[in-house]
Amino acid sequence: MTPARSSAMLRAAAPHWRCGRHELALDRVRIMGVLNVTPDSFSDGGRFAAPRAAVEHGQRMIEEGADIIDIGGESTRPGAAPVPLEVERERVLPVLRALRDAGVPLSVDTSQPELMRAALDLGVSIVNDVRALRAQGALEAVRGTGCGVVLMHMQGEPGTMQVAPRYADVVAEVAAWLGQRRDAALAAGIERERIVLDPGFGFGKTHAHNRRLLARLDQLLALGQPLLVGLSRKSSLGDMIGRPVGERLGASIAAALLAASKGARIVRVHDVAATRDALAVWNAVQAADGQAADGQAADHAGEASQ
Ligand code: HH2
């Protein structure tokens with residue numbers, strides 16, 4: 001693909017994301033800040049398990065530039081067991097309540113239709129489901145609500161998904177699967193402009209599968225939906241740099257920029273401030289590239305630069 005064509009495709013791919021009372025312009029890459037209200041998440045388990053610590057961390061990420069806060073009460077790391085509904089509700093709902101007027105759209109990271117409904121009643125704008133609304137009643141829970149939805153690919157279930165992930169062609173299979181889930185959502189009455197797709201890095205995939213998916217992420221743009229990518233601090237990055245989870249900031253930023261360059265419009269990250277700065281550079285250069293490609297570059301011959 002030529003650079004001009006690829007940048008035109010990226011800009012054409014996703015003008016807006018309709019999510020509840022918010023409409024998120026996707027003319028630049030947006031940051032979804034991760035807020036895990038869990039004792040056992042793979043990178044920050046226990047740090048924000050108390051509601052007060054979670055709310056403070058959410059507010060901090062908003063100050064740092066998060067466009068969305070994604071609140072989850074179930075760890076889906078490899079090997080994790082499902083969490084009972086009541087536990088998930090008790091973890092998530094007080095934090096949603098405290099942050100709902102904080103100024104940015106909130107997302108609830110859950111697969112449980114009952115929790116989706118309760119969160120939507122509190123004014124949550126996005127349902128982020130790592131199981132792509134496959135639970136019984138999940139499509140119905142979001143159907144008439146106008147919320148945004150993230151449909152993520154996963155092979156298997158968190159408890160066993162990393163035992164032996166298998167694909168003949170990981171990119172083609174993830175694309176076909178996401179296309180089917182998108183079609184199921186459309187058939188259930190969820191409008192196209194509400195739907196974002198996510199290849200699900202680390203969910204039933206080897207490190208090699210994850211690397212290949214990132215390398216070929218632009219192939220998923222053919223599905224015609226905005227793409228969200230969550231690679232922050234994940235073990236595939238650890239594998240590439242040989243560092244534990246607490247030392248993956250540089251790798252996570254590199255991954256966010258790579259995802260952006262391959263067409264992702266939303267990145268789900270733990271380290272908001274550092275990602276914001278990296279993306280500000282990327283977005284600015286991308287905008288300049290777009291102006292040049294459109295033949296709109298102004299003549300700045302006299303402009304001072306350093
Ligand atoms: N990854 C995690 C959780 N939710 N949602 C989407 N859409 N995409 C992802 O890649 C994704 C996700 C896992 O990361 P994290 O929340 O940091 O860890 P844990 O599941 O252990 O809480």
Side-chain angles (χ1 to χ4, degrees), residues 29-49 53-54 56-58 60-80 83 91 95 107-110 128-130 150 152-154 158-159 161-162 165 198-215 217 227-262 264-282:
V29 178
R30 297 292 186 156
I31 296 176
M32 176 184 262
V34 179
L35 187 49
N36 287 320
V37 195
T38 56
D40 57 345
S41 287
F42 80 93
S43 80
D44 52 7
R47 281 192 63 200
F48 311 114
E56 282 173 7
H57 186 56
R60 194 175 321 122
M61 287 195 290
I62 294 169
E63 279 160 24
E64 289 176 351
D67 298 291
I68 302 166
I69 301 294
D70 186 40
I71 303 168
E74 179 198 29
S75 172
T76 47
R77 73 190 187 289
V83 169
R91 289 176 181 171
V95 180
S107 159
V108 63
D109 186 349
T110 188
N128 170 28
D129 186 2
V130 299
V150 181
M152 198 198 79
H153 175 272
M154 165 159 50
M161 67 190 177
Q162 292 306 113
D198 179 345
F201 286 96
F203 286 84
K205 294 160 188 96
T206 63
H207 297 322
H209 292 140
N210 290 319
R211 286 196 298 272
R212 187 156 181 85
L213 263 178
L214 184 55
L217 191 73
L227 299 179
L228 182 150
V229 160
L231 270 159
S232 181
R233 300 183 184 173
K234 284 189 177 168
S235 63
S236 281
L237 303 182
D239 179 62
M240 289 181 227
I241 59 171
R243 293 195 194 285
V245 69
E247 299 173 20
R248 295 178 187 162
L249 175 61
S252 299
I253 287 174
L257 291 179
L258 269 167
S261 75
K262 303 267 176 194
R265 296 277 91 189
I266 304 132
V267 288
R268 183 181 181 277
V269 303
H270 302 85
D271 301 290
V272 171
T275 310
R276 172 204 63 204
D277 286 353
L279 282 174
V281 173
W282 190 85

Pair F42-K234, side-chain contact (heavy atoms from CB on, under 4.5 Å): steps then yes or no: CA-CA 8 Å; F42 80 93; K234 284 189 177 168; 3.9 Å; yes

Under 3.5 Å side-chain donor-acceptor pair for H270 and S252: no

Audit row: D198, R268, side-chain contact (heavy atoms from CB on, under 4.5 Å) steps and yes/no: CA-CA 10 Å; D198 179 345; R268 183 181 181 277; 5.7 Å; no

Any donor-acceptor N or O pair under 3.5 Å, side chains R212, H209: no

Closest approach of T38 to G72 (non-hydrogen atoms, all atoms of both residues): CG2-O, 3.9 Å

Closest non-hydrogen atom pair, A278 against L257: O-CD2, 3.6 Å

Rounded distance (nearest 0.5 Å) linking atom CZ of R248 with atom OG of S235: 6.5 Å

Which atom of A49 lies closest to which atom of V37, heavy atoms considered: O-CG1, 3.7 Å

N210 to G202 - nearest heavy-atom pair and separation: OD1-N, 3.0 Å

Minimum side-chain heavy-atom gap V83-R91 below 4.5 Å: yes

Heavy-atom check, side chain of V229 versus side chain of F201, under 4.5 Å: yes

Side-chain touch V150/D129, heavy atoms, less than 4.5 angstrom: no

Gap between atom OG1 of T275 and atom CD of E64 - 0.5 Å precision: 9.5 Å

Flag side-chain contact, heavy atom, 4.5 Å: T110 against E74: no

Interatomic spacing from CG in L213 to NZ in K262 - rounded to 0.5 Å: 12.0 Å

Heavy-atom pair of closest approach, residues V95 and A54: CG2-CB, 3.9 Å

Side-chain (Q162) to main-chain (K205) donor-acceptor, under 3.5 angstrom: yes

Least distance between heavy atoms, A66 atom then V272 atom: N-CG1, 3.5 Å

Polar side-chain atom of R276 near backbone of I31 as donor-acceptor pair, under 3.5 Å: no

Pairwise distance CG(N128) to CD1(I68) - rounded to 0.5 angstrom: 9.5 Å

Approximate separation, where rounding is to 0.5 Å, of D70 CG and L35 CG: 8.5 Å

From CD1 (I241) to OG (S236), nearest 0.5 Å: 11.5 Å

Validation row: S41, R77 side chains within 4.5 angstrom (heavy atoms): no

Criterion side-chain contact (heavy atoms from CB on, under 4.5 Å) on M240 and R211, from CA distance to verdict: CA-CA 9 Å; M240 289 181 227; R211 286 196 298 272; 3.6 Å; yes

